[in-house]
Amino acid sequence: LGFTNVGQAIAATPAKLEKVRLLAEYFSSIDDERLAIATVYFTGHAFPQTDLRTLQVGGSVIYRALGGAAKISDAEFRRIAHSHGDAGKTAFDVLDGRTVSEPFGITDSYKFFEQLQKLRGPVAKKEALQNRLAQLSAREGQYVVKILTGDLRIGLREGLVEEAIARAFNVPLDEVKEANMLLGDIGRTAVLAKNNELERAELSLFRPIKCMLASPEPTAEAIWKRFVDVAAVADRGPASATPATTGEKMPVVYVEDKFDGIRAQLHASRTRSEIFSRDLKRITGQFPEIAEQARQFSEEVILDGEIIAFAEDRKLTFFDLQKRLGRKTDALDLFETSSADVPVIFVAFDLLFLDDRSLLRTALRERRDLLRGLKLPPKFQIASVVAAHSANEIESEFKRARLRLNEGLMVKNPQSFYSPGRRGMFWFKLKKELATLDVVVVGAELGHGKRNHVLSDYTFAVRDESSGELLPIGKAYSGLTDAEIAELTEHFKDNTLVEHGRYREVKPDIVLEVAFNSIQPSTRHSSGLALRFPRIKAIRR
DNA sequence: TATGGCTGCCC
DNA sequence: ATTCTGC
DNA sequence: GCAGAATGGGCAGCCATA
């Protein structure tokens, strides 16, 4: 009950500081057990990030359970659901006045999520959820639904939860962030903070930490400017706190190919090895041959790298690699599984831990030196790195990376530490669109959340030269400003051909320039093609 | 037994 | 993944 | 500059149903 009230109060204010204040006040008022649960809930999850359990409850199960719990007609339910396009709001409206509320504390909710997780099959899950929702207040039901969808939509996520923890227990924010990076469990972080034990969180083998991320930049010049600016500031400032350019007159940057695979963090000792994904999920079972060979390292290591599809000295595509994702088989029996498998290799680009020693606060230059010194098992490679001294050099490396069929470049500051979970100013990525395409909008759909009342989601088509028909090839909204979306909404409302609930066919008279990174065969759209990363570049007028 | 919907998780 | 927006 | 929100394609696995 306290949880939902705090959630409502946070949703009601747009000011971040006020949200944090409200949350901190709540955190300091509850015991350890509730604190561990509530902090995770406020990040929009039922279970901590490193927890392997999944609920297998999505929109479909939720909507069916809501309908059943409120005992209303399908037509009435659809009317309410369509008016929101938001599962949480729908839950409140549907349940309001139609349930018999019983006491339901935050520990009860956690037990409920655990039971729900253990049930097998959508039918059983829908049944259990429906029974529970029928015994909650509309507000409680709304927050159960919000957590199940992973979207609180109260303008607060993990970043502000960290701030609230720091504020509630009067500890430095940096220490909270660091502990959370190392633990991958904000609940445990909060309890450590409360008991003044944050220093107990340390980098250790087989506990995954968040990945360091790169900021996107559109051109080599833009990236170079970042480094020059940092260097200028460091030169002027007395004893700059950043390790960015100490001792450098002319900036030097490290440039590597950006591989199109999956980000992977490998932990290995002589007796055990584990592989984790970017979101800290254990994916060891999907790449058993990599994991097995990883035990051949003579040191204990944590490597950061990319798993890519690779056969006979040639890099394959991400599309090939995807066939290896989502595998459940933990089988190490290579004879059984490998024949149909796409072969993969691990390309290492960073070393975070070496024989009991954390390298997070070691400069990239030195981490790279240590990485180069490792003796690699088969199926392991080291990403080659070159130094660049100008925007032009970065640009020509970019061209070479593309010739090697890689996505683009990573550009890194050689002096930088490894900052887990940060998309800071030390790593940049340079990717460019493959091409742009002029397409015609044939359908428009109402958005969700704050885009609930605008037509923000566009289906677009290309013309088949032989038949003259317009064939859909993709969807996008990304790239338009709110003002442009508002303008297009007006236009499409006036030019609707047929309405189908939240979706409408529209007169094909708006042409968009759409950028994309690749194009491939697909059964999703009737053109038989689909775009990768479609985004709108411009409205043609 | 075959197919398709749903979910989670990669990018 | 990409992009925009408010703080 | 950061954090949050809203949105893309596509795969495997699991289950329900035809």
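Because the structure is predicted, anything quoted here is derived from the model rather than measured. Chain naming here is simple, since letters A, B, ... match the order of the sequence lines and numbering starts at 1 in each.
Screening A:R451, A:R502, A:R153 for a salt bridge (charged side-chain N to carboxylate O under 4.0 Å, His left out) involving A:D86 leaves a single residue, A:R153.
Residue contacts shown for A:P14 are limited to sugar-phosphate atoms, with no base heavy atom under 4.0 Å away. When heavy atoms are screened at a 4.0 angstrom cut-off, A:D482 is found touching the sugar-phosphate backbone but no base atom. Contacts of A:K537 with the nucleic acid, taken as non-hydrogen atoms under 4.0 Å apart, are absent. The residue A:L321 sits apart from the nucleic acid: no heavy atom pair falls under 4.0 Å.
Panel note: side chain A:T13, backbone A:I10; no donor-acceptor pair is recorded below 3.5 Å. Judged by distance alone, the side chain of A:K19 and the main-chain N or O of A:I154 form a donor-acceptor pair under 3.5 Å. Judged by distance alone, with hydrogens and angles left aside, the side-chain atoms of A:E484 form a donor-acceptor pair with the main-chain N or O of A:T481 at under 3.5 Å. With hydrogens and angles ignored, the 3.5 Å screen pairs no side-chain donor or acceptor of A:R422 with any backbone N or O of A:M212. The closest donor-acceptor contact from the side chain of A:Q520 to the backbone of A:L529 lies at 3.5 Å or more, if one exists at all. Judged by distance alone, the side chain of A:D341 and the main-chain N or O of A:P343 form no donor-acceptor pair under 3.5 Å.
Per the geometry, CG belonging to A:N517 stands 7 Å off P belonging to C:dT2, to the nearest Å. Taking atom NZ of residue A:K258 and atom C1' of nucleotide C:dT2, one finds them 12 Å apart after rounding to whole Å.
Applying the 4.0 Å criterion to OP1 and OP2 of C:dT2, one finds that A:K431 has a side-chain N or O inside that range.
Residue order along DNA chain C, read from the 5' end via each residue's closest nucleotide, puts A:A515 first among A:A515 and A:A15.
A salt bridge links A:R157 to A:D151: one of the charged nitrogens lies within less than 4.0 Å of a carboxylate oxygen. Salt bridge status for A:R282 with A:E274: present, with a side-chain N to carboxylate O gap under 4.0 Å.
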Would you give a per-nucleotide map of nucleotides 3-12 of chain D, 5' to 3', where B means the base has a protein non-hydrogen atom under 4.0 Å away, S means only the sugar-phosphate does, and - means neither? SSSBSBBBSS

N/O-N/O pairs, protein side and nucleotides 15-18 of chain D side, under 3.5 Å:
none

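Where DNA chain B meets chain A (any atom under 4.0 Å from a heavy atom), the bounding nucleotides read 5' to 3' are B:dC6 to B:dC11.
Remark: the A:Y418 side chain and the A:D304 side chain contain an N/O donor-acceptor pair separated by less than 3.5 Å. Side-chain contact check for A:N413 and A:R226: no donor-acceptor pair (N or O, by modelled atom type) lies under 3.5 Å.
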